[in-house]
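Below is one structure, written out as structure tokens, with a few remarks after it.
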2 protein chains.
Amino acid sequence: MKKTIKDIAEMTGVSPGTVSKVINNYSDVGESTRRKVQEALKKVGYRTKLHTKKNIIGVIYGGKVEFNHPFFVDVINMFSKEIGFLGYDLLFISRLVDNKDYLQRCKEAQVDGCIIVGGEESEQSLQELDRSDIPCIGIDIKLKGDSSSYIMTDNINLGKKVIEHFYLLGHREIAYIGGRKSAMVGSERTLGFHRAMTEFGLDAHEKWIEHGDFSEKSGYQAMKKILFQSDNIPRALFVASDLMAFGAMAAIKQHGLKIPSDIAVVGCDDIEISRYIEQPLSTMKQDKDKIGRLAAYMLIDQINGFKGTSSVIVDSELVIRNTCG
Amino acid sequence: MKKTIKDIAEMTGVSPGTVSKVINNYSDVGESTRRKVQEALKKVGYRTKLHTKKNIIGVIYGGKVEFNHPFFVDVINMFSKEIGFLGYDLLFISRLVDNKDYLQRCKEAQVDGCIIVGGEESEQSLQELDRSDIPCIGIDIKLKGDSSSYIMTDNINLGKKVIEHFYLLGHREIAYIGGRKSAMVGSERTLGFHRAMTEFGLDAHEKWIEHGDFSEKSGYQAMKKILFQSDNIPRALFVASDLMAFGAMAAIKQHGLKIPSDIAVVGCDDIEISRYIEQPLSTMKQDKDKIGRLAAYMLIDQINGFKGTSSVIVDSELVIRNTCG
DNA sequence: CTGAAAGCGCTTACAG
DNA sequence: CTGAAAGCGCTTACAG
């Protein structure tokens, strides 16, 4: 049975007008009355005619992530399938010229929850959304809000697995191309690299460490720097994204070096193209299907008020193809 | 100034109750009254509180198209950028188990317009949407409704270009793998193939013509059939999608034949992977950016009531890489 | 801080 | 087929 303001008023022994004021966040309501009414509203799941449940999930791409991002597109594909089965549609909030307020847009559209894909923890408008009471799930971005959680690959351990593999192959001279440090994903992979190097007693040669922005081009430029700045060349290279690895491989070949005999390369992500390219890339596979499915179920749990779900760290796996021993 | 039902009533010299009835499609209203009121509603752009403009575009994937479809993902990416600039968000309507009614979902969500991506003209729920008064743009699907238009590559001419290229290369024995005939895109490419063969005075060998469903696997199976069913093998192969071409190439290689020296292959779409694979695929490139941008502007024009925009046929271009002479 | 009451925008059973 | 009027769900200026 649909509840009205009047019902709530009766339940709480208060006038309909006062209930209306609570709903609309008027300031002239006593604190205890407000709480009492809010509880009742929540209990019966009160919704005004304009605010019926919309069954819409907001999707927000942080930073410079685009729609056709080779990693996230597969994550979101699986996410959309799972959440579609549960009756939800996906509202992709456009990035606007004037740095639009995501939170406001989500409220206008009355989304039931949000998924935030990539981007950086420092982005103002993402933080606002994170801190709001809209349930949010972050993919590769650490959300901290009370109604938020996130899913992220164990980026520190990921680095360790790569270095371990190189170590067992006998490589001691290892180079590294990281992503943007401002993104948690970037900084953690870098941290993982350094920790692993220390753990295996290897020197992280400063001239062999560069950073890009996860794009193919930036990987190319970073590798160029490494090859030109240093007198000797590394024997192995760990790159924090497959896209950057493609660029780095191009730079290596241009330099007249062979992969993997001169330099072994391991990327990170396992995007689809990595399997198809001329020389299929060895890479740290992140389980895109699992991440997408997890995100769907965690978000639904948040929406339904099962607070149990905290954040999840998923493991990664080395996929050996043709670019490392 | 916000108009109410009362204003409309005064404008048309009718009671507010009657206006309400027109708005809610009650049947007991006289035809002339109804028209008069509807005109007034339209003129002042009447919207009830529940029906303010939402600035949302519905996105519907027809048939089995998925979110990460290598061709459409780029089209939609460009579309979303353009339409995002104009202040719209994108609502991806989920495909539901019980063959949900797209039209109803679009009305509930009050989308301002729709883009329908792929799929087949015969799909019931797409037809309903097409025939509704919601502005729709079809990509690779022929919409016929009064408020609809579509964008499609010139698939007939596309076939001609491929055959012409083969012809000039001296190939006379040409095989063809088409897509689903129930999709306009599929049937037109097939038609284009046959017409071009006739035009160049070539025989379309029945055993060299197979059909898949645009997927990689179906291309593989189709090529297997062609290779096993026929005594002699063709010298050239035209495949109606890049994905099917990948499968066909695998089958050719398994058969111990070389591309392009034994069989020349040309695909269709120019998806991103085609450039990256071990043996980069020659293909008919469709201008994804242009299509995405066109779709955005045509849809906005429809929404704003500029009926001028009819459907658009875009041209394609042969991109020669390593699989044909 | 709270409620009684006027009012808004809309819908709908009913009379003609 | 049409309108006067009761009514619904909600908001809001005002009195206390």
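Bear in mind that the values here come from a model prediction, so they are computed numbers and not experimental data.
- Between A:Asp28 and A:Thr4, the residue whose closest nucleotide on DNA chain D is further toward the 5' end is A:Thr4.
- Base engagement by A:Lys21 is indicated by at least one non-hydrogen atom pair under 4.0 Å involving a base atom.
- For the pair B:Thr33 and D:dT2, the criterion of a side-chain N or O lying under 4.0 Å from OP1 or OP2 is met.
- At a threshold of 4.0 Å, the pair B:Arg105-A:Asp89 counts as salt-bridged, since one of the basic side-chain nitrogens sits closer than that to a carboxylate oxygen.
- Rounded to whole Å, atom P of C:dT2 lies 17 Å from atom CD1 of A:Ile8.
- Atom-to-atom, NZ of A:Lys6 to C1' of C:dG3 comes out at 15 Å; the value is rounded to the nearest Å.
- Within 4.0 Å of B:Val14, counting heavy atoms only, lie sugar-phosphate atoms of the nucleic acid but no base atom.
- At least one donor-acceptor pair under 3.5 Å links the side chain of B:Asp130 to the backbone N or O of B:Lys144.
- Under a 4.0 Å N-O distance rule, the pair A:Lys42/A:Glu39 does not qualify as a salt bridge.
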Run the ring-ring contact (aromatic ring centres under 6.0 Å, His included) check on B:Phe92 and A:Phe92 step by step: do they pass? CA-CA 8 Å; B:Phe92 284 71; A:Phe92 284 70; 4.5 Å; yes
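- In this structure, the CG atom of B:Asp7 is 8 Å from the P atom of C:dG9, given to the nearest Å.
- Comment: A:Glu66 does not engage A:Arg95 in a salt bridge, judged by the lack of any side-chain N to carboxylate O separation of less than 4.0 angstrom.
- Nearer to the 5' terminus of DNA chain C, by closest-nucleotide assignment, is the contact made by A:Glu31 (compared with the other of A:Gly17 and A:Glu31).
- Atoms NZ (A:Lys3) and C1' (D:dC10) sit 18 Å apart, rounded to a whole Å.
- For the pair A:Thr18 and C:dG3, the criterion of a side-chain N or O lying under 4.0 Å from OP1 or OP2 is met.
- Between the CG atom of A:Asn24 and the P atom of C:dC8 there is a distance of 18 Å, rounded to whole Å.
- As rounded to whole Å, 17 Å separates atom C1' of D:dG9 from atom CZ of A:Arg47.
- Between A:Lys3 and A:Glu10 no salt bridge is recorded (no basic side-chain N to carboxylate O distance below 4.0 Å).
- Checked against D:dT11, C:dC10, D:dA4, the side chain of B:Ser15 finds its nearest nucleotide in D:dA4.
- Whole-Å rounding puts the A:Ile23 CD1 to D:dT11 C1' distance at 11 Å.
- Summarising the geometry, the separation between NZ on B:Lys36 and C1' on D:dT2 is reported as 11 Å, rounded to the nearest angstrom.
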Can you give the dot-bracket line for DNA chain D, using ( ) for pairs inside the strand, [ ] for pairs that cross earlier ones, | for pairs with another strand and . for unpaired bases, where Watson-Crick and G-U count if both distances are under 3.5 Å? |||.||||||||.|||
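- Of the possible donor and acceptor atoms, one in the side chain of B:Asn155 sits under 3.5 Å from a partner among the backbone N and O of B:Thr153.
- Regarding contacts with the backbone of D:dC10, a side-chain N or O of A:Tyr46 is found under 4.0 angstrom from either OP1 or OP2.
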